[in-house]
Amino acid sequence: VAAFERLFLTHQGRIYALCLRMTSEPSRAEDLTQDTFVRAWQKLETFRGKSEFSTWLYRLAVNTVLAELRARGRWHDRLVEGDDSLAEQPAPPRRSSLEAIDLERAIAELPPQARLIFLLYDVEGYRHREVASMTGLAEGTSKAHLHQARKLLRKALNQ
Amino acid sequence: MSCTETAKWLNDYLDGELAEETRRSVEEHLGTCLSCHRALTELRSLLERAHRLPTEIEPEEALWPGIVSRITTPAVPAAALAALAEIAETGEIAEGSHRDLSRWFLHKSPLAAAAVLLLAVAVPFTLWQLGRDSVQSPPVAHAERQPDRQIDRQTVFAEGLDNRGARTEVFGKRPPRDVPSVALLFLGSEKTIAQVADRQAIG
């Protein structure tokens, strides 16, 4: 358990950042972060070392977030055509510069699929093949969501 | 290349995913079209800002205590142990206690539930085999039952009581015939415990 706590301390910030950006709610993000680490503990024996532990853990976090979004029926939410208004104003993550806060707010307003792909590709630096593997989407679909996310973000940031 | 085509390739251009020929065509157009060049600058700026976002955010609350409590649950929680002891001692169980037991077995520790299920099958069978081997021996102290004596798994194992013997120890000399075995009592299913409670009420 002590060794697992060290892993938790090393990775919790990255997992929490994903959960917070995907939910925009600190309490839900905390729950999802905890769920991710509990699942990691339960599945530790299935980690074969083929990928880095951080990648394996991040994949678990993505699955946990996806399960939450699907359970809430939010995963397939799409922006209504021509409606780029932002109904909610979720709290931005702390410790961000003003410029980053603008971007965080704009990201929070993206449809869930586009938001997740943008976070994985443009913020975390995963490639489309990895993103597709993590999310269960086709590479072409992943790419389409990324382009949509960038288009919406440019529009939001230029307003 | 037209502005529409360039706009279509702009993301792939910045991501370095264009074939050489297409990339050159895009660059040629960007060199002559102010509007497309501005779009490229905006997109590049967005990606640079995204790359600068922190990839780690510290949660406000300490999350480790909530995790460690979920991953270091004792093998048998105190509530379940108390419920087991209660069954062993009195043959019945207070309202609510059975929930502690069955919830833990069936939800918190399905592996343990499986193990106990195996025990529930294996122990009576083994004891039955032992009983067959010692069929010539005098009956095990059924008639000498001590009313205040507690019965538990250790007693069952130590004295080689079969199901009937164990039930007799718990319920007296004339146990109801359909009271489930001690092994099943340890499984803690609500139905089993309800049956026991009913029998006790009738008795």
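Note that this is a predicted model, so its numbers are computed, not measured. Every chain is numbered from 1, with letters handed out A, B, ... down the list of sequences.
Residue A/His11: no heavy atom, backbone or side chain, is found under 4.5 Å from chain B. Proximity to chain B (any heavy atom under 4.5 Å) is shown, for A/Ile15, by neither the backbone nor the side chain. If you measure heavy-atom distances from A/Ile107 to chain B, the contacts under 4.5 Å come from the side chain alone.
Counting all heavy atoms, side chain and backbone alike, B/Thr55 lies closest to A/Ala17 at O-CB, 3.6 Å. When all heavy atoms are compared, the tightest approach of B/Pro59 to A/Gln12 is CG-OE1, 3.4 Å. Scanning both residues, B/Ile67 and A/Phe4, for their nearest heavy atoms gives CG2-CE2, 4.4 Å.
A distance of 12.0 Å separates CD of B/Glu61 from OG1 of A/Thr33, quoted to the nearest 0.5 Å. A distance of 4.0 Å separates CG in B/Asp12 from NZ in A/Lys143, rounded to the nearest 0.5 Å. Between B/Leu10 atom CG and A/Arg150 atom CZ the span is 9.5 Å, to the nearest 0.5 Å. Distance CZ/B/Arg70 to CG/A/Asp35: 4.5 Å, rounded to 0.5 Å.
Within residues 38-48 of chain B, the residues approaching chain A closer than 4.5 Å by heavy atoms are, in numerical order, B/Ala39, B/Glu42, B/Leu43, B/Leu46, B/Leu47.
Enclosure of atom CH2 in B/Trp9 is not indicated, since only 12 or fewer non-hydrogen atoms of other residues, nucleotides or ligands lie within 6.0 angstrom. Heavy atoms of other residues, nucleotides or ligands lying less than 6.0 angstrom from CD of A/Glu52 number 12 at most.
Within the 4.5 Å cutoff, side-chain heavy atoms of A/Leu103 are placed close to those of B/Leu53. The shortest distance between side-chain heavy atoms of A/Phe8 and B/Val68 does not fall below 4.5 Å.
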Before giving the answer on side chain to side chain contact (heavy atoms under 4.5 Å, CB included), spell out for B/Asn11 and A/Lys151 the whole-Å C-alpha distance, their side-chain angles and the decisive distance to 0.1 Å. CA-CA 10 Å; B/Asn11 282 285; A/Lys151 182 180 168 187; over 6 Å; no
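A donor-acceptor contact shorter than 3.5 Å is absent between the side chain of A/Glu30 and the backbone of B/Leu63.
Ionic pairing of B/Arg49 and A/Asp122 is not present here: no N-O contact between side-chain nitrogen and carboxylate oxygen is shorter than 4.0 angstrom.
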